[in-house]
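The block underneath contains the structure these notes are about, expressed in structure tokens.
Letters A, B, ... mirror the listed sequences (proteins, then strands); counts begin at 1.
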Number of protein chains: 2
Amino acid sequence: MNVRTLCLAILYQADATGYKIRKLSTEGEYAYFVEASFGSIYPALARLEEEGLVTSRIEAQQGKPHRKIYSITPVGREAFIKSLFEPTGADVFRSEFLLLALFAPELPADLVESRIIERLDCLSNEIETLKKHTCERNEPADQWIIRYGLESMRFSHAYLIAHKDELIALAKPAQKPTLAAQ
Amino acid sequence: MNVRTLCLAILYQADATGYKIRKLSTEGEYAYFVEASFGSIYPALARLEEEGLVTSRIEAQQGKPHRKIYSITPVGREAFIKSLFEPTGADVFRSEFLLLALFAPELPADLVESRIIERLDCLSNEIETLKKHTCERNEPADQWIIRYGLESMRFSHAYLIAHKDELIALAKPAQKPTLAAQ
DNA sequence: TCGCACATGTAACGTGTTACATGATTAG
DNA sequence: CTAATCATGTAACACGTTACATGTGCGA
């Protein structure tokens, strides 16, 4: 999915600034779609406005910089919903952690172990964030996708806990430089 | 992760042609890392050879076109393992299916249902592919990551089966153009 | 006979990232 | 005082995709 579609999806639900769209795309539920940076969001919004799919108004704030608030137009809504009827791209899962796991036999056990712990921490954090979102968000479809993500992550977390020792056992044992060499 | 690293990872385990690297990256376990196309693999291999991280030899075949078989060099092995010591990038999960799910209330129930079925089929296929790989591959680390992927997909599959009706219920009921309008 | 699997490679193109430029307020 | 948050935007650059060019053998 591309940044254009992400912007339309977010604006479909509520008005937002470019800044806010980026926040939503990096945290919580919208991160399931694309993680976008400013450098792609601002140009995407500008183009969307040119094409009449969104409009913007500027709001001055005391002290803080002005905000450019975007709204979706009826044409934008229609275009977005229409795009959902087109064939869906396949889901993507990519993991550098699994690459490390694949090469565990070539790596010291303490490196493998600390990477597992990092991964576990990361999963815990994402679980906490999503839990917060379940409370805040009221729409039932939002709830459904958040629960889906939440349960998937809980599964990953539990699986890793249960099987981490097997992976560590495959790694090179840490050389104790002191006594009992063999 | 980038295509360079993917090439080194695959060549670390066995010699391969560009064609084969692409196959491995689209099917089975290596798809956890990056899915690369010819247009990125061939230039990456050429650059890797220039830099002395891999070497190639050409093998003629009767009838079929010649094959250019790449091997990793000791320098390449070292560089690859070294890269595994560097901080790991976060795992990525992106789903167009979930975008559709988020907008279920705006979509007809039959569309939502058929997309769920597609997703389920896709998961079943991937599960079958990975099962085959478990039998073929003997290295314990390979087995470990395949099992991780396999169990994650089985979980997703089961979760979807258990909760699909809730999502379909959120969608717009299909209009029966015949009798009993209200 | 049609299309797929094998097999390599280039060129044009699109999309997105990183770094930069700018600047006030607030919490630690 | 320092870092983070809010806030917008551009330019250079990296990376990868798609389409094209080329060609054989095999199975349905």
* **End axis versus end axis in the helix from C:dT1-D:dA28 to C:dG28-D:dC1, the angle rounded to 10°, five pairs used at each terminus** => 50°
* To do: Please confirm whether A:Phe80 and B:Phe103 have ring centers closer than 6.0 angstrom.
  => yes
* **Nearest-nucleotide pick for A:Tyr70, side chain only, options being C:dT17, C:dT8, D:dG9** => D:dG9
* Asked: Quick one: is A:Thr17 getting a side-chain N or O under 4.0 Å of the D:dA7 phosphate, OP1 or OP2?
  -> no
* Structure fact -> To the nearest angstrom, the CZ-P distance between B:Arg94 and C:dG16 comes to 12 Å
Which side-chain N or O atoms in residues 33-41 of chain A pair as donor and acceptor under 3.5 Å with protein atoms at least two apart or in another chain?
residue: A:Glu35; atom: OE1; partner: B:Arg94; partner atom: NH2; Å: 3.3
residue: A:Ser40; atom: OG; partner: A:Ser37; partner atom: N; Å: 3.4
residue: A:Ser40; atom: OG; partner: A:Ser37; partner atom: O; Å: 2.9

* Do you see a donor-acceptor pair shorter than 3.5 Å between the side chains of B:Asn2 and B:Thr5? -> yes
Pairs: protein N or O with nucleotides 4-6 of chain D N or O, under 3.5 Å:
residue: D:dC6; atom: OP2; partner: A:Tyr19; partner atom: OH; Å: 3.3

* Are any of A:Ser37's side-chain N or O atoms less than 4.0 Å away from OP1 or OP2 of C:dT17? -> yes
* What's in the same ILVMFWY side-chain cluster as A:Ile69, cut-off under 4.5 Å, chained through other members? -> none
* Enumerate the residue pairs fulfilling ring pair (Phe, Tyr, Trp, His ring centres under 6.0 Å) with a member in residues 110-135 of chain B, sequence neighbours excluded, ordered by first and then second residue. => none
* To do: Not counting sequence neighbours, list each pair that qualifies as a salt bridge (Lys or Arg N to Asp or Glu O under 4.0 Å) and has a residue in residues 145-164 of chain B.
  => A:Glu166-B:Arg147, B:Glu151-B:Arg154
* In whole angstrom, give the distance that lies between atom CE of B:Met1 and atom C1' of D:dA14. => 16 Å
* Does A:Lys20 place a side-chain N or O at less than 4.0 Å from the phosphate oxygens OP1/OP2 of D:dA7? -> no
* **Of all pairs that satisfy salt bridge (Lys or Arg N to Asp or Glu O under 4.0 Å), the ones with a partner from residues 124-135 of chain B, not counting sequence neighbours** => B:Glu128-B:Lys131
* For the residue pair A:Phe155 and B:Phe155, categorise the inter-ring angle as parallel (less than 30°), tilted (30 to 60°) or perpendicular (more than 60°). => parallel
* Near DNA chain D, under 4.0 Å by heavy atom, which residues of residues 47-60 of chain B? -> none
* Asked: Is it the case that B:Arg77 places NZ or CZ above or below the six-membered ring of B:Tyr12, under 6.0 angstrom from the centre and within 45 degrees of the axis?
  -> yes
* Whole-Å distance separating the CG atom of A:Leu45 from the C1' atom of D:dA7 -> 13 Å
N/O contacts under 3.5 Å, protein versus nucleotides 10-13 of chain D?
none

* To do: Can you tell me which residue pairs pass the side-chain hydrogen bond (donor to acceptor under 3.5 Å, both in side chains) test with a partner in residues 107-118 of chain B, sequence neighbours excluded?
  => A:Thr88-B:Arg115
* To do: Round to the nearest Å and state the distance from B:Arg4 atom CZ to D:dA14 atom C1'.
  => 13 Å
* Structure fact -> For B:Leu130 and B:Leu150 the tightest heavy-atom approach is CB-CD1, 3.6 Å
* Pairs satisfying ring pair (Phe, Tyr, Trp, His ring centres under 6.0 Å), at least one member in residues 108-130 of chain A, at least two apart -> none
* Asked: To the nearest angstrom, how far is B:Leu6 atom CG from D:dC15 atom P?
  -> 15 Å
* Structure fact -> Applying ring pair (Phe, Tyr, Trp, His ring centres under 6.0 Å) to A:His163 and not counting sequence neighbours gives A:Tyr159
* To do: Determine, stepwise, if the pair A:Gln13 / A:Tyr30 fulfils side chain to side chain donor-acceptor pair (under 3.5 Å).
  => CA-CA 12 Å; A:Gln13 314 216 320; A:Tyr30 288 101; 2.7 Å; yes
* Quick one: B:Asn2 CG to D:dG16 C1', roughly how many Å, whole number? -> 11 Å
